[in-house]
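Shown next, in structure tokens, is the structure this report addresses.
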Amino acid sequence: MSGLIGRKLGMARVFDAQGKNRAVTLIEAGPCVVTQIKNADKDGYDAIQLGFEDKKDKHTNKPEAGHFAKAGSKPKRFVREFNDFDNQDTMKLGDALTVDLFKEGETVEVVGWSKGKGFQGVVKRHHFSGGPKSHGQSDRTRAPGSLGQSSYPSRVYKGLRMAGRMGNRQVTTKNSTIVKVLPDKNIIMIEGSVPGPKSGLVLIKK
């Protein structure tokens with residue numbers, strides 16, 4: 001599965017040939033450098049490791065520096081693997097991949113990480129409606145209510161919707177359409193929204 005590592009820039013709108021307004025997400029994708037080529041004989045599976053965004057030498061330890069030196073590349077901040085990469089047999093260490101990998105009208109899969117909200121209650125996390133607002137009660141407005149039965153089973157079922165940490169999870173959107181590719185700026189415009197905050201890391205896969 002071919003792909004690139006990118007960074008979400010934000011949202012905008014474009015007008016197509018028919019004059020229709022289309023909401024798009026701008027992603028700065030690549031250039032990514034091939035930092036390792038894995039094969040089934042040596043590593044047990046086939047994959048291409050890509051590096052994205054330069055990292056300062058003072059923030060790079062010796063094993064990392066040696067790893068990137070083999071590829072003839074500067075140290076990278078982000079490294080991700082892509083399985084079943086197209087044209088893997090012809091690739092070499094140090095090859096640079098750009099947005100030319102994608103075409104307008106193509107459908108892709110976008111992987112991002114949702115915004116972390118911290119510890120949240122059931123109203124925000126699970127859209128509970130809360131307790132009644134009348135009949136004298138005043139302190140149970142946003143409470144979850146009963147968690148289960150008393151005599152049987154005398155416990156809380158697994159998976160019950162309760163308060164807890166919300167967000168900061170890997171989210172994938174499938175069948176997203178590429179509206180425009182700007183090779184000179186390394187920007188891809190994808191129709192609709194994409195998981196994660198502005199300047200968040202995303203993976204774009206064919």
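Keep in mind that the numbers below use all heavy atoms, side chains included, and drop hydrogens, waters and symmetry copies. Everything numeric in this text was worked out from a predicted model, so none of it was measured.
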Exercise. Of Asp57, Val33, Asp54, which meets side chain to side chain contact (heavy atoms under 4.5 Å, CB included) against Lys74?
Worked result: Asp54

Problem set entry | Heavy-atom donor-acceptor pair, Thr25 side chain to Gly192 backbone, under 3.5 Å | yes

Exercise. Considering only heavy atoms from C-beta outward, does the side chain of Arg80 approach that of Leu50 to under 4.5 Å?
Worked result: no

For this session: Before accepting this row, confirm whether a basic side-chain N of the pair Glu104/Lys180 lies closer than 4.0 Å to the acidic partner's carboxylate O.
Result: no

Problem set entry | Side chains of His67 and Gln36 in contact at under 4.5 Å (non-hydrogen atoms) | yes

Exercise. Is Tyr157 close to Gln149 at the side-chain level, that is, under 4.5 Å between some pair of heavy atoms?
Worked result: yes

Exercise. Heavy-atom distance under 4.5 Å between the side chains of Leu4 and Leu97, does that happen here?
Worked result: yes

Problem set entry | Any donor-acceptor N/O pair, Thr177 side chain to Val179 backbone, under 3.5 Å | no

Problem set entry | Main-chain N/O of Gly94 paired to Ser73 side chain as donor or acceptor, under 3.5 Å | no

Seminar exercise, completed: side chain to side chain contact (heavy atoms under 4.5 Å, CB included) test vs Ile178 passes for just one of Val108, Ile204, Ile27, namely Val108

Exercise. Taking all atoms of both residues into account, what is the closest heavy-atom pair of Val202 and Pro195, and its distance?
Worked result: CG1-O, 4.0 Å

Exercise. Got a second to check how far Cys32's SG is from Phe78's CZ, nearest 0.5 Å?
Worked result: 11.0 Å

For this session: For the pair Asp43 (side chain) and Asn39 (backbone), establish whether a donor and an acceptor sit closer than 3.5 Å, ignoring hydrogens and angles.
Result: yes

For this session: Output the distance between atom NZ (Lys62) and atom CD (Glu64), rounded to the nearest 0.5 Å.
Result: 13.5 Å

Exercise. Is there a path from Met189 to Val111 through hydrophobic residues (I, L, V, M, F, W, Y) whose side chains come within less than 4.5 Å of each other?
Worked result: no

Problem set entry | Pairwise distance CD(Glu28) to OG(Ser199) - rounded to 0.5 angstrom | 11.0 Å

Exercise. Side chains of Lys38 and Tyr45: closer than 4.5 Å at any heavy-atom pair?
Worked result: yes

Problem set entry | Nearest heavy atoms of Lys55 and Arg77, plus distance in Å | CB-CG, 3.7 Å

For this session: To the nearest 0.5 angstrom, please state how far the CG atom of Asn175 sits from the CD atom of Glu191.
Result: 12.0 Å

Problem set entry | Single-linkage hydrophobic cluster Trp113~Met11, side-chain heavy atoms < 4.5 angstrom | no

Exercise. For Val194 and Lys8, which heavy atoms make the closest approach, and how far apart are they?
Worked result: O-NZ, 2.8 Å

For this session: Give a yes or no answer on whether the side chain of Gln137 reaches the backbone of Ser134 with a donor-acceptor pair at less than 3.5 Å.
Result: no

Exercise. Shared ILVMFWY cluster between Leu203 and Val171, side chains joined below 4.5 angstrom?
Worked result: no

Exercise. Is the shortest heavy-atom distance from the side chain of Thr172 to the side chain of Val110 under 4.5 Å?
Worked result: no

Problem set entry | Side chain Arg125, main chain Met162, donor-acceptor under 3.5 Å | yes

Exercise. Hey, is OH on Tyr152 packed in by over 12 heavy atoms from elsewhere, all under 6.0 Å?
Worked result: no

Exercise. Is the closest side-chain heavy-atom distance between Phe68 and Val79 below 4.5 Å?
Worked result: yes

Exercise. Transitively linked via ILVMFWY side-chain contacts under 4.5 Å: Leu182 with Val24?
Worked result: yes

For this session: Of all the heavy-atom pairs spanning Val181 and Phe102, show the shortest one and how long it is.
Result: CG2-O, 4.1 Å

Problem set entry | Other residues, nucleotides, ligands: >12 heavy atoms within 6.0 Å of Lys92 NZ | no

Exercise. What's the verdict on side chain to side chain contact (heavy atoms under 4.5 Å, CB included) for Arg13 and Arg22, showing C-alpha distance, side-chain angles and the deciding distance?
Worked result: CA-CA 5 Å; Arg13 65 174 181 171; Arg22 302 175 73 178; over 6 Å; no

Exercise. Are Glu106 and Lys206 close enough for a salt bridge, meaning some N to O gap below 4.0 Å?
Worked result: yes

For this session: Please round to the nearest 0.5 Å and tell me the distance separating atom CG of Leu147 and atom CZ of Arg161.
Result: 12.0 Å

For this session: Locate the shortest heavy-atom distance separating Pro31 from Phe52; write the atom from each residue and the value.
Result: O-CD1, 4.0 Å

Problem set entry | Ile187 to Leu26 - nearest heavy-atom pair and separation | CG2-CG, 4.3 Å

Exercise. Distance from Lys174 atom NZ to Thr107 atom OG1, nearest 0.5 Å?
Worked result: 12.0 Å

Exercise. Would you say Val122 and Arg142 make side-chain contact, with heavy atoms under 4.5 Å?
Worked result: no

For this session: Begin from the C-alpha positions of Arg165 and Gln120 and carry the test side chain to side chain contact (heavy atoms under 4.5 Å, CB included) through to its verdict.
Result: CA-CA 6 Å; Arg165 196 180 73 176; Gln120 297 296 332; over 6 Å; no

